[in-house]
Asker: 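Next up is a structure, given as structure tokens.
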Amino acid sequence: MTIFAEKKWMKLAFNKILKEEIPQILPLIQQLMGNTFSDEILHRRFEEMFSQNYECFGIFFEQKLVGVFGMWFMTRHYAGRSCEPDHIYILEEYRSKGLGKKLFEFIYAYAAEKGCETSELNSYVSNYRSHKFYLNEGYEIKGYHFLKKL
């Protein structure tokens, strides 16, 4: 289901990924994650995510899947209704061509339609390129993200 296709960028579309289409995005998620988990584990996790205020989108250029991202929707005491873009990944050969800027324009508009007041995200410490991009988008560094395996 195409949610966004801009006339100027008719070749660019953001299509909502449905639960039965999860296998379509797994190769991109595997690239993002460095093949850390099996497809079976990722598929199971994505199925569960779909039931938790999460939406997934494919980034299509000329009808080819060139990227993927997700969005979590929640209410936080410090930020109000919020959207958290997650696992943003664009194939290397499509980076630095303005797709990221168009993607975030879509995210902000889509989140606003859903009543969000803020957007927040996490970025891996070593992902310097994304840090620069997010700072240029107006995000502020507010804290650290901690993770503990149980």
Side-chain angles (χ1 to χ4, degrees), residues 1-76 79 81-116 118-134 136-137 139 144-150:
M1 159 193 337
T2 301
I3 301 293
F4 169 85
E6 187 177 15
K7 287 184 181 180
K8 179 179 168 189
W9 280 69
M10 282 305 282
K11 299 175 182 181
L12 177 66
F14 303 119
N15 295 350
K16 190 176 268 191
I17 301 296
L18 305 175
K19 208 178 231 187
E20 58 271 11
E21 297 171 318
I22 292 171
Q24 182 180 2
I25 63 163
L26 290 182
L28 295 174
I29 298 299
Q30 288 289 17
Q31 288 181 45
L32 172 67
M33 300 293 300
N35 295 297
T36 308
F37 304 103
S38 69
D39 281 353
E40 293 76 26
I41 288 173
L42 288 175
H43 192 280
R44 196 168 53 247
R45 288 178 179 176
F46 270 90
E47 279 189 338
E48 189 172 336
M49 289 161 57
F50 272 73
S51 68
Q52 299 175 350
N53 293 322
Y54 167 83
E55 296 181 27
C56 186
F57 290 83
I59 304 167
F60 290 83
F61 189 76
E62 296 180 342
Q63 299 182 332
K64 176 187 177 191
L65 180 64
V66 300
V68 64
F69 67 99
M71 292 191 288
W72 294 93
F73 296 94
M74 75 239 36
T75 301
R76 306 231 189 219
R81 179 97 172 122
S82 184
C83 169
E84 181 181 341
D86 192 19
H87 63 76
I88 299 164
Y89 184 77
I90 298 173
L91 292 173
E92 184 70 39
E93 60 268 28
Y94 292 91
R95 294 178 194 166
S96 300
K97 297 184 185 312
L99 291 176
K101 190 76 172 156
K102 292 291 179 192
L103 167 60
F104 273 82
E105 288 173 7
F106 167 76
I107 288 171
Y108 303 143
Y110 189 75
E113 285 177 18
K114 290 183 145 302
C116 293
T118 59
S119 176
E120 58 184 302
L121 52 79
N122 291 302
S123 179
Y124 291 116
V125 175
S126 60
N127 193 350
Y128 302 113
R129 265 179 93 182
S130 73
H131 302 165
K132 182 179 179 196
F133 179 84
Y134 299 140
N136 286 337
E137 280 295 303
Y139 286 90
Y144 297 98
H145 178 89
F146 292 90
L147 176 74
K148 178 180 176 156
K149 297 272 186 176
L150 302 178

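Quick note: numbers below take in every heavy atom, side chains included, and nothing from hydrogens, waters or symmetry partners. All values reported here derive from a predicted model rather than from experimental measurement.
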Asker: Quick test of your reading of the model: are E92 and R95 salt-bridged, counting only N-O distances below 4.0 Å?
Answerer: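 Salt bridge between E92 and R95, a charged N being under 4.0 Å from a carboxylate O: yes.
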Asker: Can you tell me if CD on Q63 sees more than 12 non-hydrogen neighbours from other groups inside 6.0 Å?
Answerer: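 It does not: Q63 CD has 12 such atoms or fewer within range.
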Asker: Just so I know, are the side chains of I107 and L103 near enough to count as touching, which here means a heavy-atom distance under 4.5 Å?
Answerer: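 A side-chain contact exists here, since the closest heavy-atom pair is under 4.5 Å.
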Asker: Can you tell if the side chain of F14 reaches within under 4.5 Å of the side chain of I59, non-hydrogen atoms only?
Answerer: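 Yes, at least one pair of side-chain atoms sits under 4.5 Å.
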Asker: Taking all non-hydrogen atoms of both residues into account, name the closest pair between I17 and F50 and its distance.
Answerer: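 Closest pair (atom of I17, atom of F50, distance): O-CE2, 3.2 Å.
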Asker: In Å and rounded to the nearest 0.5 Å, what is the CD to SG distance from E113 to C83?
Answerer: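 Between atom CD of E113 and atom SG of C83 there are 11.5 Å.
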Asker: Would you confirm whether S123, through its side chain, and S130, through its main-chain N or O, come within 3.5 Å as a donor-acceptor pair?
Answerer: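 No: the side chain of S123 does not pair with the backbone of S130.
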Asker: Where is the tightest heavy-atom contact between D39 and L26, given as atom of each residue plus distance?
Answerer: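 Heavy-atom minimum between the residues: O-CD1, 3.8 Å.
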Asker: Under a 3.5 Å distance rule, please check whether E137 uses its side chain to pair with a backbone N or O of K132 as donor and acceptor.
Answerer: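 Here the side-chain-to-backbone pair does not exist.
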Asker: Can you tell me which residue among F104, Y124, Y128 is in a ring-ring contact (aromatic ring centres under 6.0 Å, His included) with Y134?
Answerer: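 Single pass found, and it is F104.
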Asker: Atom CG in N15, atom CD in E21: separation rounded to 0.5 Å?
Answerer: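 That separation rounds to 8.5 Å.
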Asker: Side chains of H145 and V125, heavy atoms from C-beta outward: is any pair under 4.5 Å?
Answerer: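 When only atoms from C-beta onward are counted, V125 and H145 do not touch, as no gap falls below 4.5 Å.
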Asker: For a quick test of reading the model, state the closest non-hydrogen atom pair linking G70 to H87 and the distance between them.
Answerer: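 It is N-CE1, 3.2 Å.
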Asker: For a quick test of reading the model, state the closest non-hydrogen atom pair linking S119 to P85 and the distance between them.
Answerer: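 Smallest heavy-atom distance, with atoms named: OG-CD, 3.5 Å.
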Asker: Rounded to the nearest 0.5 Å, what's the gap from CD on E55 to CG on L18? Could you check?
Answerer: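 Answer for the CD-CG pair, E55 versus L18, is 10.5 Å.
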Asker: In Å and rounded to the nearest 0.5 Å, what is the CE to CD distance from M74 to Q52?
Answerer: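 So the CE of M74 and the CD of Q52 are separated by 11.0 Å.
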Asker: Would you say the rings of F106 and F57 are close, in the sense that their centroids are separated by under 6.0 Å?
Answerer: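 Yes, they do, as the ring centres are separated by less than 6.0 Å.
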Asker: How far apart are the closest heavy atoms of T75 and R81, and which atoms are they?
Answerer: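 Minimum heavy-atom contact is OG1-CD, 4.0 Å.
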Asker: If you measure from the Lys or Arg side-chain nitrogens to the Asp or Glu carboxylate oxygens, is any gap between R44 and E47 under 4.0 Å?
Answerer: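 Answer for the salt bridge query: no.
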Asker: Minimum heavy-atom separation for I25 and C56, please, with both atom names.
Answerer: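 Reported closest heavy-atom pair: CD1-SG, 3.6 Å.
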Asker: Rounded to the nearest 0.5 Å, what separates atom CG in L65 from atom CG in L91?
Answerer: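 L65 CG to L91 CG: 7.0 Å, rounded to 0.5 Å.
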Asker: So, taking the atom named CD1 in I29 and the one named CD in Q24, what distance separates them when rounded to the nearest 0.5 Å?
Answerer: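 Going from the CD1 atom of I29 to the CD atom of Q24 covers 11.5 Å.
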